[in-house]
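Down below is the structure, laid out as C-alpha coordinates.
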2 protein chains.
Amino acid sequence: MERPTTQRLRDELRQTKPFPSRSQEAYLALLRTVDELRRRSSALMGQHDVSLEQYNVLRVLRGAGAAGLPTLEIAGRMVERQPGVTRLLDKLEAKGLVHRVRCKEDRRQVLCTLTETGRRLLAALDGPVDESSQRSFGALRPEELETLVEYLDRIRYPELYP
Amino acid sequence: MERPTTQRLRDELRQTKPFPSRSQEAYLALLRTVDELRRRSSALMGQHDVSLEQYNVLRVLRGAGAAGLPTLEIAGRMVERQPGVTRLLDKLEAKGLVHRVRCKEDRRQVLCTLTETGRRLLAALDGPVDESSQRSFGALRPEELETLVEYLDRIRYPELYP
DNA sequence: AACTATTCCTTGACTAGTCAACTATTGATT
DNA sequence: AATCAATAGTTGACTAGTCAAGGAATAGTT
(Lines give C-alpha, C1' and ligand atoms only; values in the text may rest on other atoms or scores of the structure.)
Protein backbone atom coordinates (compact mmCIF):
# COMPACT_ATOMS: atom_id res chain seq x y z
CA MET A 1 0.00 0.00 0.00
CA GLU A 2 1.18 3.46 -0.81
CA ARG A 3 -0.77 5.63 1.55
CA PRO A 4 -0.18 5.46 5.29
CA THR A 5 -1.83 2.37 6.60
CA THR A 6 -3.23 4.07 9.62
CA GLN A 7 -5.58 6.04 7.42
CA ARG A 8 -9.22 5.11 7.66
CA LEU A 9 -12.05 5.98 5.37
CA ARG A 10 -13.06 9.16 7.12
CA ASP A 11 -9.47 10.37 7.02
CA GLU A 12 -9.01 9.42 3.41
CA LEU A 13 -11.87 11.70 2.54
CA ARG A 14 -10.42 14.56 4.51
CA GLN A 15 -13.78 16.12 4.77
CA THR A 16 -15.11 17.51 7.99
CA LYS A 17 -18.68 17.02 6.84
CA PRO A 18 -20.22 13.70 7.75
CA PHE A 19 -21.33 11.45 4.93
CA PRO A 20 -24.50 12.57 3.23
CA SER A 21 -25.84 9.11 3.91
CA ARG A 22 -24.71 5.67 5.01
CA SER A 23 -25.40 4.42 1.52
CA GLN A 24 -22.94 6.87 0.08
CA GLU A 25 -20.37 5.89 2.64
CA ALA A 26 -20.82 2.26 1.71
CA TYR A 27 -20.62 3.08 -1.96
CA LEU A 28 -17.32 4.87 -1.51
CA ALA A 29 -15.96 2.11 0.69
CA LEU A 30 -16.78 -0.38 -2.05
CA LEU A 31 -15.05 1.66 -4.73
CA ARG A 32 -11.96 2.12 -2.62
CA THR A 33 -11.77 -1.49 -1.58
CA VAL A 34 -12.02 -2.81 -5.11
CA ASP A 35 -9.47 -0.29 -6.25
CA GLU A 36 -7.09 -1.38 -3.52
CA LEU A 37 -7.56 -5.09 -4.28
CA ARG A 38 -7.00 -4.41 -7.95
CA ARG A 39 -3.75 -2.66 -7.14
CA ARG A 40 -2.53 -5.49 -4.97
CA SER A 41 -3.09 -8.12 -7.59
CA SER A 42 -1.97 -5.98 -10.52
CA ALA A 43 1.40 -5.81 -8.87
CA LEU A 44 1.65 -9.61 -9.00
CA MET A 45 0.58 -9.91 -12.63
CA GLY A 46 2.84 -7.09 -13.69
CA GLN A 47 5.85 -9.18 -12.75
CA HIS A 48 4.83 -11.62 -15.45
CA ASP A 49 3.99 -9.01 -18.06
CA VAL A 50 0.28 -9.59 -18.08
CA SER A 51 -2.38 -7.25 -16.79
CA LEU A 52 -4.90 -8.30 -14.17
CA GLU A 53 -7.61 -8.38 -16.84
CA GLN A 54 -5.52 -10.57 -19.11
CA TYR A 55 -4.89 -12.88 -16.18
CA ASN A 56 -8.60 -13.16 -15.58
CA VAL A 57 -9.14 -14.29 -19.16
CA LEU A 58 -6.46 -16.93 -18.72
CA ARG A 59 -8.12 -18.16 -15.54
CA VAL A 60 -11.47 -18.49 -17.23
CA LEU A 61 -9.86 -20.50 -19.99
CA ARG A 62 -8.16 -22.80 -17.54
CA GLY A 63 -11.44 -23.29 -15.76
CA ALA A 64 -13.02 -24.36 -19.02
CA GLY A 65 -10.60 -27.19 -19.63
CA ALA A 66 -8.99 -28.46 -22.79
CA ALA A 67 -11.98 -27.90 -25.07
CA GLY A 68 -11.55 -24.15 -24.92
CA LEU A 69 -14.24 -21.51 -25.07
CA PRO A 70 -15.73 -19.20 -27.69
CA THR A 71 -15.07 -15.50 -27.14
CA LEU A 72 -18.59 -14.62 -26.12
CA GLU A 73 -18.62 -17.36 -23.53
CA ILE A 74 -15.46 -15.94 -21.99
CA ALA A 75 -17.08 -12.54 -21.80
CA GLY A 76 -20.07 -14.14 -20.12
CA ARG A 77 -17.88 -15.43 -17.31
CA MET A 78 -16.24 -12.09 -16.77
CA VAL A 79 -17.25 -8.60 -15.82
CA GLU A 80 -16.21 -7.11 -19.17
CA ARG A 81 -18.25 -6.78 -22.35
CA GLN A 82 -17.39 -8.58 -25.57
CA PRO A 83 -15.33 -5.96 -27.35
CA GLY A 84 -13.01 -5.69 -24.41
CA VAL A 85 -12.53 -9.44 -24.37
CA THR A 86 -11.71 -9.52 -28.07
CA ARG A 87 -8.97 -6.99 -27.49
CA LEU A 88 -7.62 -8.80 -24.47
CA LEU A 89 -7.48 -11.99 -26.51
CA ASP A 90 -5.63 -10.13 -29.27
CA LYS A 91 -2.92 -9.27 -26.80
CA LEU A 92 -2.83 -12.69 -25.20
CA GLU A 93 -2.55 -14.34 -28.59
CA ALA A 94 0.27 -11.98 -29.55
CA LYS A 95 2.09 -13.03 -26.39
CA GLY A 96 1.58 -16.68 -27.24
CA LEU A 97 -0.50 -17.40 -24.16
CA VAL A 98 -3.69 -18.19 -26.00
CA HIS A 99 -4.58 -19.90 -29.25
CA ARG A 100 -7.59 -19.02 -31.39
CA VAL A 101 -9.23 -21.07 -34.15
CA ARG A 102 -12.49 -20.74 -36.01
CA CYS A 103 -14.92 -23.39 -34.87
CA LYS A 104 -15.64 -26.01 -37.52
CA GLU A 105 -19.26 -26.64 -36.55
CA ASP A 106 -20.20 -22.98 -36.32
CA ARG A 107 -17.84 -20.82 -38.27
CA ARG A 108 -19.07 -17.70 -36.49
CA GLN A 109 -17.44 -18.80 -33.28
CA VAL A 110 -13.79 -18.52 -32.40
CA LEU A 111 -12.54 -21.18 -30.04
CA CYS A 112 -9.92 -19.99 -27.57
CA THR A 113 -7.59 -22.31 -25.71
CA LEU A 114 -4.64 -21.89 -23.39
CA THR A 115 -1.23 -22.60 -24.83
CA GLU A 116 1.34 -24.50 -22.81
CA THR A 117 3.05 -21.19 -22.07
CA GLY A 118 -0.21 -19.76 -20.86
CA ARG A 119 -0.77 -22.73 -18.59
CA ARG A 120 2.70 -22.39 -17.11
CA LEU A 121 2.22 -18.70 -16.47
CA LEU A 122 -1.00 -19.41 -14.59
CA ALA A 123 0.68 -22.11 -12.57
CA ALA A 124 3.47 -19.72 -11.61
CA LEU A 125 0.93 -17.21 -10.37
CA ASP A 126 -1.24 -19.61 -8.40
CA GLY A 127 0.77 -19.43 -5.22
CA PRO A 128 1.25 -15.67 -5.05
CA VAL A 129 -2.37 -15.00 -6.01
CA ASP A 130 -3.69 -17.26 -3.32
CA GLU A 131 -1.36 -15.74 -0.74
CA SER A 132 -2.41 -12.25 -1.65
CA SER A 133 -6.03 -13.21 -1.49
CA GLN A 134 -5.58 -14.82 1.90
CA ARG A 135 -3.79 -11.76 3.18
CA SER A 136 -6.58 -9.44 2.10
CA PHE A 137 -9.53 -11.56 3.11
CA GLY A 138 -7.86 -13.14 6.06
CA ALA A 139 -9.01 -10.11 7.98
CA LEU A 140 -12.47 -11.67 7.98
CA ARG A 141 -13.52 -14.85 9.69
CA PRO A 142 -15.22 -17.47 7.52
CA GLU A 143 -18.72 -16.55 8.70
CA GLU A 144 -17.96 -12.91 8.08
CA LEU A 145 -16.78 -13.68 4.58
CA GLU A 146 -20.00 -15.49 3.97
CA THR A 147 -22.02 -12.57 5.25
CA LEU A 148 -20.06 -10.20 3.04
CA VAL A 149 -20.81 -12.25 -0.04
CA GLU A 150 -24.47 -12.36 0.90
CA TYR A 151 -24.64 -8.58 1.36
CA LEU A 152 -22.99 -8.00 -1.98
CA ASP A 153 -25.46 -10.33 -3.61
CA ARG A 154 -28.31 -8.36 -2.14
CA ILE A 155 -26.89 -5.08 -3.34
CA ARG A 156 -26.63 -6.42 -6.85
CA TYR A 157 -30.13 -7.85 -6.86
CA PRO A 158 -32.10 -5.62 -4.51
CA GLU A 159 -35.45 -6.70 -5.92
CA LEU A 160 -34.79 -10.28 -4.89
CA TYR A 161 -34.42 -9.31 -1.25
CA PRO A 162 -37.22 -6.89 -0.42
CA MET B 1 -29.80 -4.26 -15.27
CA GLU B 2 -29.20 -6.03 -18.52
CA ARG B 3 -28.80 -9.62 -17.49
CA PRO B 4 -31.71 -11.57 -16.08
CA THR B 5 -32.25 -10.50 -12.54
CA THR B 6 -32.82 -14.00 -11.30
CA GLN B 7 -29.19 -14.81 -11.91
CA ARG B 8 -27.03 -15.30 -8.87
CA LEU B 9 -23.29 -15.33 -8.54
CA ARG B 10 -22.88 -19.03 -9.01
CA ASP B 11 -25.00 -18.87 -12.14
CA GLU B 12 -23.22 -15.86 -13.50
CA LEU B 13 -20.03 -17.83 -13.42
CA ARG B 14 -21.59 -20.74 -15.23
CA GLN B 15 -18.95 -23.01 -13.84
CA THR B 16 -19.78 -26.34 -12.35
CA LYS B 17 -16.65 -26.30 -10.25
CA PRO B 18 -16.99 -24.80 -6.81
CA PHE B 19 -14.98 -21.72 -5.99
CA PRO B 20 -11.31 -22.43 -5.36
CA SER B 21 -11.75 -20.61 -2.07
CA ARG B 22 -14.17 -18.38 -0.23
CA SER B 23 -11.74 -15.51 -0.64
CA GLN B 24 -11.88 -15.83 -4.37
CA GLU B 25 -15.64 -15.92 -4.29
CA ALA B 26 -15.70 -12.76 -2.21
CA TYR B 27 -13.22 -11.11 -4.53
CA LEU B 28 -15.36 -11.82 -7.56
CA ALA B 29 -18.50 -10.71 -5.77
CA LEU B 30 -16.79 -7.42 -4.98
CA LEU B 31 -15.72 -6.86 -8.57
CA ARG B 32 -19.15 -7.63 -9.90
CA THR B 33 -20.94 -5.51 -7.37
CA VAL B 34 -18.83 -2.45 -8.01
CA ASP B 35 -19.20 -2.96 -11.72
CA GLU B 36 -22.96 -3.14 -11.39
CA LEU B 37 -23.13 -0.05 -9.17
CA ARG B 38 -20.96 1.82 -11.62
CA ARG B 39 -23.29 0.91 -14.44
CA ARG B 40 -26.36 2.04 -12.54
CA SER B 41 -24.97 5.44 -11.76
CA SER B 42 -23.26 5.92 -15.12
CA ALA B 43 -26.69 5.68 -16.69
CA LEU B 44 -27.80 8.67 -14.63
CA MET B 45 -24.75 10.80 -15.39
CA GLY B 46 -24.89 9.95 -19.05
CA GLN B 47 -28.19 11.74 -19.36
CA HIS B 48 -26.40 14.93 -18.45
CA ASP B 49 -23.39 14.33 -20.65
CA VAL B 50 -20.91 13.77 -17.87
CA SER B 51 -19.23 10.53 -16.93
CA LEU B 52 -19.43 9.06 -13.45
CA GLU B 53 -15.84 10.02 -12.86
CA GLN B 54 -16.41 13.59 -13.94
CA TYR B 55 -19.40 13.71 -11.64
CA ASN B 56 -17.27 12.57 -8.75
CA VAL B 57 -14.86 15.44 -9.36
CA LEU B 58 -17.77 17.88 -9.35
CA ARG B 59 -19.01 16.42 -6.06
CA VAL B 60 -15.65 16.80 -4.44
CA LEU B 61 -15.53 20.41 -5.55
CA ARG B 62 -18.97 21.12 -4.17
CA GLY B 63 -17.95 19.52 -0.91
CA ALA B 64 -15.01 21.87 -0.72
CA GLY B 65 -17.11 25.02 -0.87
CA ALA B 66 -16.54 28.32 -2.60
CA ALA B 67 -12.78 28.48 -2.03
CA GLY B 68 -12.15 25.67 -4.49
CA LEU B 69 -9.42 23.09 -4.38
CA PRO B 70 -6.01 22.54 -5.98
CA THR B 71 -5.80 19.60 -8.36
CA LEU B 72 -3.75 17.39 -6.09
CA GLU B 73 -6.19 17.87 -3.26
CA ILE B 74 -9.03 16.70 -5.49
CA ALA B 75 -7.08 13.60 -6.38
CA GLY B 76 -6.50 13.01 -2.69
CA ARG B 77 -10.22 12.84 -2.08
CA MET B 78 -10.82 10.44 -4.91
CA VAL B 79 -9.75 6.98 -5.94
CA GLU B 80 -7.88 8.18 -9.02
CA ARG B 81 -4.28 9.28 -9.33
CA GLN B 82 -3.27 12.83 -10.26
CA PRO B 83 -2.83 12.48 -14.00
CA GLY B 84 -6.32 11.14 -14.34
CA VAL B 85 -7.72 14.04 -12.40
CA THR B 86 -5.89 16.57 -14.56
CA ARG B 87 -7.47 15.05 -17.62
CA LEU B 88 -10.92 14.93 -16.06
CA LEU B 89 -10.57 18.59 -15.17
CA ASP B 90 -9.55 19.35 -18.75
CA LYS B 91 -12.84 17.96 -19.95
CA LEU B 92 -14.90 19.57 -17.22
CA GLU B 93 -13.35 22.94 -17.95
CA ALA B 94 -14.05 22.50 -21.66
CA LYS B 95 -17.69 21.87 -20.80
CA GLY B 96 -17.80 24.98 -18.67
CA LEU B 97 -18.55 23.10 -15.47
CA VAL B 98 -15.31 23.95 -13.71
CA HIS B 99 -13.05 26.97 -13.58
CA ARG B 100 -9.28 26.81 -13.11
CA VAL B 101 -6.89 29.56 -12.04
CA ARG B 102 -3.29 29.54 -10.97
CA CYS B 103 -3.08 30.21 -7.28
CA LYS B 104 -1.58 33.62 -6.44
CA GLU B 105 0.14 32.57 -3.23
CA ASP B 106 1.67 29.42 -4.67
CA ARG B 107 1.89 29.57 -8.41
CA ARG B 108 2.48 25.81 -8.64
CA GLN B 109 -1.06 25.12 -7.61
CA VAL B 110 -4.13 25.38 -9.81
CA LEU B 111 -7.29 26.30 -7.98
CA CYS B 112 -10.40 24.60 -9.28
CA THR B 113 -13.90 25.84 -8.57
CA LEU B 114 -17.38 24.90 -9.70
CA THR B 115 -19.03 27.23 -12.18
CA GLU B 116 -22.67 28.11 -11.77
CA THR B 117 -23.47 25.64 -14.56
CA GLY B 118 -21.57 22.95 -12.72
CA ARG B 119 -23.44 23.65 -9.55
CA ARG B 120 -26.78 23.45 -11.34
CA LEU B 121 -25.84 20.15 -12.95
CA LEU B 122 -24.99 18.69 -9.56
CA ALA B 123 -28.25 19.94 -8.11
CA ALA B 124 -30.18 18.32 -10.94
CA LEU B 125 -28.51 15.00 -10.22
CA ASP B 126 -28.91 15.04 -6.44
CA GLY B 127 -32.36 13.50 -6.43
CA PRO B 128 -31.77 10.71 -8.92
CA VAL B 129 -28.41 9.83 -7.39
CA ASP B 130 -29.85 9.54 -3.93
CA GLU B 131 -32.76 7.48 -5.19
CA SER B 132 -30.47 5.11 -7.03
CA SER B 133 -28.26 4.76 -3.99
CA GLN B 134 -31.24 4.04 -1.76
CA ARG B 135 -32.50 1.45 -4.20
CA SER B 136 -29.19 -0.39 -4.26
CA PHE B 137 -28.33 -0.21 -0.60
CA GLY B 138 -31.89 -0.35 0.61
CA ALA B 139 -31.48 -4.11 0.39
CA LEU B 140 -29.44 -3.87 3.60
CA ARG B 141 -30.71 -2.80 6.98
CA PRO B 142 -28.79 0.01 8.69
CA GLU B 143 -26.84 -2.35 10.96
CA GLU B 144 -25.97 -4.49 7.97
CA LEU B 145 -24.74 -1.47 6.06
CA GLU B 146 -22.55 -0.60 9.00
CA THR B 147 -21.18 -4.13 9.14
CA LEU B 148 -20.47 -4.04 5.41
CA VAL B 149 -18.48 -0.84 5.73
CA GLU B 150 -16.52 -2.31 8.62
CA TYR B 151 -15.71 -5.47 6.66
CA LEU B 152 -14.53 -3.44 3.70
CA ASP B 153 -12.36 -1.37 5.98
CA ARG B 154 -10.76 -4.51 7.32
CA ILE B 155 -10.09 -5.85 3.87
CA ARG B 156 -8.35 -2.66 2.90
CA TYR B 157 -6.26 -2.53 6.05
CA PRO B 158 -5.80 -6.16 7.07
CA GLU B 159 -2.80 -5.44 9.26
CA LEU B 160 -4.90 -3.18 11.48
CA TYR B 161 -7.29 -6.01 12.30
CA PRO B 162 -5.20 -9.10 13.02
C1' DA C 1 23.08 34.36 -3.87
C1' DA C 2 23.39 29.94 -5.96
C1' DC C 3 22.55 25.43 -5.90
C1' DT C 4 19.64 21.42 -4.72
C1' DA C 5 15.48 19.18 -3.40
C1' DT C 6 10.71 19.06 -3.19
C1' DT C 7 6.12 19.95 -4.62
C1' DC C 8 2.36 20.64 -8.07
C1' DC C 9 0.89 19.76 -12.18
C1' DT C 10 0.99 18.34 -17.05
C1' DT C 11 2.25 15.43 -20.91
C1' DG C 12 3.45 11.09 -23.46
C1' DA C 13 2.81 6.46 -24.23
C1' DC C 14 0.53 2.80 -22.86
C1' DT C 15 -3.76 -0.48 -21.24
C1' DA C 16 -8.39 -0.96 -20.78
C1' DG C 17 -13.27 -0.29 -21.13
C1' DT C 18 -17.62 1.42 -23.45
C1' DC C 19 -21.29 1.87 -27.33
C1' DA C 20 -22.45 1.72 -31.98
C1' DA C 21 -21.80 0.12 -36.42
C1' DC C 22 -20.26 -3.48 -39.33
C1' DT C 23 -19.12 -8.43 -41.41
C1' DA C 24 -19.81 -13.16 -41.58
C1' DT C 25 -22.32 -17.03 -40.64
C1' DT C 26 -26.28 -19.51 -39.28
C1' DG C 27 -31.26 -20.28 -38.59
C1' DA C 28 -36.07 -19.48 -39.59
C1' DT C 29 -39.81 -18.21 -42.77
C1' DT C 30 -42.19 -17.98 -46.44
C1' DA D 1 -34.52 -21.30 -52.80
C1' DA D 2 -34.70 -16.40 -51.32
C1' DT D 3 -35.25 -13.56 -47.92
C1' DC D 4 -35.05 -11.88 -43.30
C1' DA D 5 -33.67 -12.20 -38.54
C1' DA D 6 -30.57 -13.53 -35.03
C1' DT D 7 -25.92 -14.61 -33.39
C1' DA D 8 -20.60 -14.28 -32.98
C1' DG D 9 -17.17 -11.52 -33.41
C1' DT D 10 -14.41 -7.41 -34.86
C1' DT D 11 -13.47 -2.59 -35.51
C1' DG D 12 -13.87 2.57 -34.81
C1' DA D 13 -14.17 6.34 -31.93
C1' DC D 14 -14.54 7.56 -27.64
C1' DT D 15 -13.48 7.82 -22.13
C1' DA D 16 -10.64 6.63 -18.55
C1' DG D 17 -6.79 4.99 -15.97
C1' DT D 18 -1.72 3.97 -15.22
C1' DC D 19 3.52 4.99 -14.83
C1' DA D 20 7.34 7.61 -16.00
C1' DA D 21 9.33 11.76 -17.36
C1' DG D 22 9.41 16.59 -17.38
C1' DG D 23 8.54 21.86 -16.49
C1' DA D 24 7.70 25.38 -13.29
C1' DA D 25 7.51 27.26 -8.88
C1' DT D 26 8.82 27.10 -4.10
C1' DA D 27 11.58 25.74 -0.01
C1' DG D 28 15.82 24.57 2.04
C1' DT D 29 20.90 24.65 2.30
C1' DT D 30 25.28 26.07 2.10
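Every heavy atom of this structure was used, including side-chain atoms; hydrogens, water molecules and symmetry mates were not. Owing to the predicted nature of the structure, the values given are computational and were not obtained by experimental measurement. Here is the naming used below: chain letters follow the sequence lines, and residue numbers restart at 1 for every chain.
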Exercise. What is the distance, rounded to the nearest whole Å, between atom CD of B:Glu80 and atom P of C:dC9?
Worked result: 16 Å
Exercise. Can you check whether B:Arg108 has a side-chain N or O nearer than 4.0 Å to OP1 or OP2 of D:dA24?
Worked result: no
Exercise. Once the angle between the rings of B:Tyr151 and A:Tyr151 is folded into 0 to 90°, is it parallel (under 30°), tilted (30 to 60°) or perpendicular (over 60°)?
Worked result: parallel
Seminar exercise, completed: Of the listed C:dC8, C:dT18, C:dT10, the closest approach to the B:Gln109 side chain comes from C:dC8
Problem set entry | Distance, rounded to the nearest Å, where A:Gln54 contributes CD and C:dC14 contributes C1' | 12 Å
Exercise. Does the side chain of B:Gln82 come under 3.5 Å of the side chain of B:Arg87 through a donor N or O and an acceptor N or O?
Worked result: no
Seminar exercise, completed: When rounded to the nearest 0.5 Å, the distance separating CD of A:Glu131 from CG of A:Asp126 is 11.5 Å
Problem set entry | Proximity to the side chain of B:Arg107 - top-ranked nucleotide from D:dG12, D:dT18, D:dT26 | D:dT26
Exercise. Using a cut-off of 4.0 Å on non-hydrogen atoms, how would the nucleic acid contact of B:Pro70 be classed: base, sugar-phosphate, or nothing?
Worked result: sugar-phosphate
Exercise. Partner of C:dC9 by Watson-Crick or G-U wobble geometry, both contacts under 3.5 Å, or none?
Worked result: D:dG22
Exercise. If you pin B:Arg100 and A:Gln82 to their nearest nucleotides in DNA chain C, which one's is more 5'?
Worked result: B:Arg100
Exercise. When we call it a touch if two heavy atoms are under 4.0 Å apart, what does B:Thr86 touch: a base, just sugar-phosphate, or nothing?
Worked result: base
Seminar exercise, completed: Closest of C:dC9, C:dT11, C:dA16 to the A:Lys91 side chain is C:dA16
For this session: Consider the side chain of A:Leu72, meaning its heavy atoms from C-beta on, and name the nucleotide among D:dA8, C:dT11, C:dA20 that approaches it most closely.
Result: D:dA8
For this session: Classify the side-chain pair A:Arg40/A:Ser132 by whether it contains a donor and acceptor separated by less than 3.5 Å.
Result: no
Problem set entry | Closest to side chain of B:Arg87, choosing from D:dA13, D:dA16, D:dT18 | D:dT18
